[in-house]
Amino acid sequence: MVPIYCLPLLRNIFGCTDNRTGATKKDFRLHGSCITENKHITNAIQIKYIHQRPPPWSDTLPTLHIITPTYSRPVQKAELTRLSNTFLHVPNLHWLVVEDSAQKTALVSRLLENTGLNFTHLNVETPENLRTQKKLKNIRTPRGTMQRNLALRWLRENINPNSSHKGVVYFADDDNTYSLELFEEMRWTRKAAVWPVAFVGGLRYESPKINSQGKVFGWRTVFDPRRPFAIDMAGFALNLHLILSKPQAYFKLKGVKGGYQESSLLQDLVTLSDLEPKAANCTKILVWHTRTESPLLVNEGRKGFKSGNAEIRRIFKLDVKIRFCFFKHNHLLNKKRRDLSELALIC
Amino acid sequence: MRMRLKLKTVFVLYFMVSLLGLIYALMQLGQRCDCRDHDMSKDQQISQLRGELQKLQEHIKTELSKKTDVPKIFVITPTYARLVQKAELTRLSHTFLHVPQLHWIVVEDAPQPTSLVTDFLAASGLTYTHLHKLTPKDRKLQEGDPSWLKPRGAEQRNEGLRWLREMGAAAKGKEAAALEEAVVYFADDDNTYSLQLFEEMRYTYRVSVWPVGLVGGMKFERPVVEDGKVVRFHTGWRPNRPFPIDMAGFAVSLRLTLTNPQARFDGDAQMGFLESSFLQSLVTMDDLEPKADLCTKVLVWHTRTEKPKMKREDALQKQGMGSDPDVEV
């Protein structure tokens, strides 16, 4: 007799990739509900080429939104290739690749299509006045800032904060090394999670300091440990809901001192007590801040030398010259990293 | 009359209540549901999701191991202890995990197997063999030497070959038949490999070759192919070498390796001649099989990883306040 109003709440369920060959939907957009889990696992295994296998998607696991800024240089394709080989093992991963370019390049577009990953391809060019300036350090924008901000904006514009979509945001630079365990640690982030990072700040590793209550109370770093968040970009992850609920929080573009970029975002989002330590209470290394050497393309355009000795001498001379130059100008460079090509210009 | 009025009132009241209820429910539409009472506790949920995750991951592994009908690829990787070793091996293993029928032979430049590599390989999920062979002091690069001064990894690769030959000799029946089609590849731990590369090299009769990116001071080095045969090599450095090709640019069939037990890497070879010292006893340029779309695609890059700066760490160590050595990096 009594009418029952059982109106179910509307759920915005985000679509996932259709993993069948040749019909893969790569863009991460609002779709209808996902295909069931079992079909995904079956379809996920490609018979012909194993490298086109996408990872199975689950309806219930939180999605990892990985933001990677990238820019054109000789090692770019290699870096993105090995990064994608790592990501192909991680379920429910959405890769946001943001190029520092005026237009999306064919190289990156093709690479992303061929990986089979669930990706979003964006681009924004850092204006000339914000690029690395040798003299005007205080107006220099750290590399990748605009690109990361664009990705944050994309997430805010494309994901409804009221939906039940669960996600975690992580900033992954294209030259670092990530263990698979790291992604499973960050997947369960409630607000903001932190962990140690190897090879940063001139140390074997930098890490948050954890007290007996399991809370972060400081930072184990040598370089400016009094920063609000003395942590590397690769050392934290944020719950997507936190990002969406505070739409004004972005990385600061100008006036950011070296090492303060992470703080410029985090201080608008969390306090120290909100941080969740991961990686066995910040005692395990699950991510390494590796850097790839810039290859010396000295022979590019040459057909080859008849006398191998001439070439060895040339490379040796260049090597010695650069080392001497670096030594000579060390005080001017404030012992900061410089590309070999830049040094060649100075010398 | 009274009864009728009463009934009418009841109906009116009923209607009003229903209407209010409908309005309330419509207002709740699209609002966040406070499901705390209905949901399980967060921890229970998390552990359930973790279980599902493990299930998914195991499923991938079983599917991958089912592909047994393709030739095996034996990958020999020499490695040595340095700061970035674990990172390099980690990301390399991520690539190898995608390749079916891959057997990873890791040879450490050490007097005995280190716990770092032992534990790492055990947890990697790959099929592997862990060997070790120490490079004699006079052949070893010293601190501060440029990387190109002495050939590296020769002893370790030879050790890998020795193990393969031992295994090949001991194999019988089905196993021996499977080894007939297997391929051997020398993969350094700092290079970058695309997944397609392994499918290209898998069907090698003698020695197959392909371009390598970012090597020899060029964007890429490659064999030049005409009419399906390798006629010369496009390289910016010493093209007159017997095989001016990088270690990452060729693969050898296991059969050829086993039938030529004397073929090995010469640790005393001149710079750039390490590959030639091995290949020239196996094959001539005519016999090379060009892969990667007749050597027009770059599927492997000779990347090198920078040595991490440890100035602050060294300073702390001097003060006795270095990082915890128990934390493995």
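Proteins get letters first, then strands, A, B, ... in listed order; numbering begins at 1 in each. Only a predicted model underlies this, so the values are computations on that prediction, with no experimental measurement involved.
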Task: Top contributor to chain B contacts, counting heavy-atom pairs under 4.5 Å, from A/S84, A/S207, A/S179 - done: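 Heavy-atom pairs under 4.5 Å are most numerous for A/S179.
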
Qualifying residue, where the test is side-chain hydrogen bond (donor to acceptor under 3.5 Å, both in side chains) with A/T177 and the options are B/R91, B/H94, B/E88: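 So the option named by the test is B/R91.
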
Looking at residues at least two apart in the chain, or sitting in another chain, which of them share a side-chain contact (heavy atoms from CB on, under 4.5 Å) with B/V329?
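B/V329: side-chain contact (heavy atoms from CB on, under 4.5 Å) contacts with A/A198, A/F199, A/R204, A/Y205, A/I285, A/W288.
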
side-chain contact (heavy atoms from CB on, under 4.5 Å) partners of A/A230, counting only residues at least two apart: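 So A/A230 forms a side-chain contact (heavy atoms from CB on, under 4.5 Å) with A/W219, A/T221, A/R227.
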
Are any of the side-chain heavy atoms of [X] and [Y] separated by less than 4.5 Å?
X	Y	answer
A/R220	B/S323	yes
B/T303	A/R82	yes
B/L195	A/L88	yes

Nearest 0.5 Å, please: how far is [atom2] in [Y] from [atom1] in [X]?
X	Y	atom1	atom2	answer
A/T292	B/R304	OG1	CZ	11.0 Å
B/T305	A/R291	OG1	CZ	11.5 Å
B/Y193	A/T81	OH	OG1	13.0 Å
A/L80	B/S194	CG	OG	13.0 Å
A/T86	B/L92	OG1	CG	10.0 Å

What part of [X] lies closer than 4.5 angstrom to a heavy atom of chain A: side chain, backbone, both or neither?
X	answer
B/N191	backbone
B/D314	neither
B/L316	side chain

Notebook entry, point to check: Can you tell me if CZ on B/R82 sees more than 12 non-hydrogen neighbours from other groups inside 6.0 Å?
Noted result: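 More than 12 within 6.0 Å, yes.
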
Max heavy-atom pair count under 4.5 Å with chain A, selected residue of B/V17, B/V215, B/L83, B/D190
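Between B/V17, B/V215, B/L83, B/D190, the count favours B/L83.
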
Identify which part of A/L180 has an atom lying under 4.5 Å from any heavy atom of chain B, answering side chain, backbone, both or neither.
->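 Contact with chain B: backbone and side chain both.
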
key: Heavy-atom pair of closest approach, residues A/V222 and B/R312   =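 Between these two residues, the closest heavy atoms are CG1-CD, 3.4 Å.
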
